[in-house]
Protein chains: 4
Amino acid sequence: MEAKAGRPRDKETERRILEVTVRLLAEEGYSRMSIDGVAAAAGVSKPTIYRRWSGKADLATAAICTIRLAEPEISTGSTVGDLTAALQNFSRSLLRPNGMALVGTVLAEEGHTPELLALFRERLVMPRRAIIRGILERARRHRELRSGVNLDAAVSMLVGAFYARYLATSKVPSRFAQTVVATVWTGICKPS
Amino acid sequence: MEAKAGRPRDKETERRILEVTVRLLAEEGYSRMSIDGVAAAAGVSKPTIYRRWSGKADLATAAICTIRLAEPEISTGSTVGDLTAALQNFSRSLLRPNGMALVGTVLAEEGHTPELLALFRERLVMPRRAIIRGILERARRHRELRSGVNLDAAVSMLVGAFYARYLATSKVPSRFAQTVVATVWTGICKPS
Amino acid sequence: MEAKAGRPRDKETERRILEVTVRLLAEEGYSRMSIDGVAAAAGVSKPTIYRRWSGKADLATAAICTIRLAEPEISTGSTVGDLTAALQNFSRSLLRPNGMALVGTVLAEEGHTPELLALFRERLVMPRRAIIRGILERARRHRELRSGVNLDAAVSMLVGAFYARYLATSKVPSRFAQTVVATVWTGICKPS
Amino acid sequence: MEAKAGRPRDKETERRILEVTVRLLAEEGYSRMSIDGVAAAAGVSKPTIYRRWSGKADLATAAICTIRLAEPEISTGSTVGDLTAALQNFSRSLLRPNGMALVGTVLAEEGHTPELLALFRERLVMPRRAIIRGILERARRHRELRSGVNLDAAVSMLVGAFYARYLATSKVPSRFAQTVVATVWTGICKPS
DNA sequence: CATGAATGAGCTTTCATTCAT
DNA sequence: AATGAATGAAAGCTCATTCAT
């Protein structure tokens, strides 16, 4: 039982394949994305891909698995400031080229490849919500919130406003985060 | 030998093709949807489709064009009641089978077939927003809103909360509309 | 319900595809035979094949279906003469190039594509056996056979001798039919 | 550091590979059989196979080479009894799962890989024929046969009846051997 | 020498589109 | 104007074989 029998698998190759897959998944969408295309763009042959993943769905899910939300630490000193900063980060990622396309493709494939949506939730949706929920929970601990506020609903409103806005115009003004936070905050903060 | 010989059947055929296309677009997504599949489901031949529309994108666009938001008139007597009713309608349409898949597919195709998203906005997104915006405008006329409220942002929050919620769990509790409306309303109504 | 809507299917094309398929089936064997190869050899595109048959197995079975045993009428005046003539025909078809290869391929595929063997039996094996059995039945009606003779076993011996011989050497001497018939006949004819 | 270090394991590996190859050859047929499949079933890697044999054909040939007819000694005291016993053995091996598939595959591959048929003859066909021929030769020495009987043809009839029967129905009744032997024996034994 | 990795070519099948009737 | 037939291109996947460790 040696540590490494045979030719070692090239870690760099694997990374490149997944990177390319994430890109094509966003650019082309799941069903347009082809293994041929991934292989060509990654500079490997198709069996190199099939040796690692059992098929297209498996590759796509693995690719989504590699995505990790990389958000900077937020600490502005105030709840409103933190929420605004978090949503501005979100806004930026949404407005990146194909920023919404990946969201679209996992939703579109829900009926055919539900793993995509499941993983997308686990890797991207939930972590982002957790950040925002964390800010709200801290505010609650600091007794800034009125009683009975539903934090999950608040998170959905804050984040969702951007989805809805994008769906309406593809353009999100830079002050949008402030406006949204202000409104929601008025709705959930303890009345003065 | 009437003047309009052969035409009556035409309109019906056209309608059936578009109806089938809308269904398949939601069920399969744009790139999975095939002209073959549309032709078979509509009971016509492929050239019958190509005679009317120039290709797959044109057909899909035309299909989305036929979609019309059919929401019942809302009039509960209060702004909060009207908003809640409107969002409950929205929630129902979201939770229908493949309710989010069409949203997903038009987003996923934004890079390849932007007309789909454009028309989706015109036919579905904007009319729904208009209904909700209408309720808010009436509230403003009735001086129920505090000054400076951004109505579009409010609409985005109300509607978007559902997108965000769906993206997080695919399940939307029936009380969600009330919770969202309550929070937003507190944020935008004139303080008592 | 018109007689012929649309472009008529080219009967000649269909015939050519099947002809090529029979040839390649014998030359290459079932699993080596490819739809690509059939399409190229028949001068058509692959979808032209898929429009007519649902896949490789369907095409191969259809091809075997077209095979028809074309044996000349036999009438030499005597049972021994008729049997010898029938077996000489059989011998000739066996010794044709790839004459045994089709037999081999349907046997080899019994586990994977049993329809092939089933059809091969129906189209080739059984008709040939019927001819020989017919000769023996006539002999029985003429009271040439001893009582209790098992005709099916006799047919198997007559025909099978050629399979066994081929399996032993690929060469069948021209007098083989006479030898076999003589021996079997002595075994089944009424003792003088 | 002995003289033959590492060899013992080799022989066992080789044996296992060949054993698996024989099985897959019968189960899948030559062209369906894959080196990948052999390697997996034998628990070795592909280069381990390629180091020993030059390719697929070479491996299959070697595998057939290992086959040895293992028939029990027959001695019932009478020629008819011995022949019947020998054919019953044959019948059993034919009716084993995939019993005819190997016959089929070597016939099907005659055009592409004639070595398979050649070796199959040498290792299986001829030894079996030799057993039956031996019984007949002993009968001739005992002056039980009429003069001028062609022993090879007799062997072909006896053995071939089973091939023909299988090709007709895949089912061989247990009394078939007796019937065949009785008929052929009547045809070749010295008239009383 | 055995291993796992890599490859090019091939397979069956489906699609968007155009042609012929 | 509608049909069924035909097509070139591509998709997902597997194979026999070779390479690098």
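Everything quoted here is computed from the prediction, not taken from an experiment.
- Looking at E28(A) and S34(A), their side chains never bring a donor and an acceptor atom within 3.5 Å of each other.
- When the nearest nucleotides of DNA chain F are assigned to G37(A) and G43(C) by heavy-atom distance, the more 5′-ward of the two goes with G43(C).
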Bracket notation of DNA chain F in which parentheses pair within the strand, [ ] cross earlier pairs, and | pairs with another strand (Watson-Crick or G-U, under 3.5 Å)
.||||||||||||||||||||

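- Listed nucleotides dA16(F), dT17(E), dG12(F) differ in distance to K46(A); the shortest reach to its side chain belongs to dG12(F).
- Distances shorter than 4.0 Å separate some side-chain N or O of T48(C) from OP1 or OP2 on dT7(F).
- Between the side chains of R32(A) and T105(A), no donor-acceptor pair of N or O atoms lies under 3.5 Å.
- Nearest-nucleotide mapping onto DNA chain F: of R32(A) and P47(B), the residue sitting toward the 5' end is P47(B).
- Nearest nucleotide to the V44(A) side chain, out of dT17(F), dT7(E), dA16(E): dT7(E).
- Residue R52(A) places its side chain closer to dA6(E) than to any other of dT12(E), dA6(E), dA6(F).
- Side-chain atoms of T13(A) and R52(A) form no donor-acceptor pair, as typed in the model, at a separation below 3.5 Å.
- Listed candidates were dT18(E), dG12(F), dA10(F). Nearest to the side chain of Y50(B) is dT18(E).
- OP1 or OP2 of dA5(E) has at least one side-chain nitrogen or oxygen of R51(A) nearer than 4.0 Å.
- Put simply, the residue from E12(B), E14(B), E19(B) that forms a salt bridge (Lys or Arg N to Asp or Glu O under 4.0 Å) with R16(B) is E12(B).
- Not one side-chain nitrogen or oxygen of S45(D) sits closer than 4.0 Å to the OP1 or OP2 atom of dA2(E).
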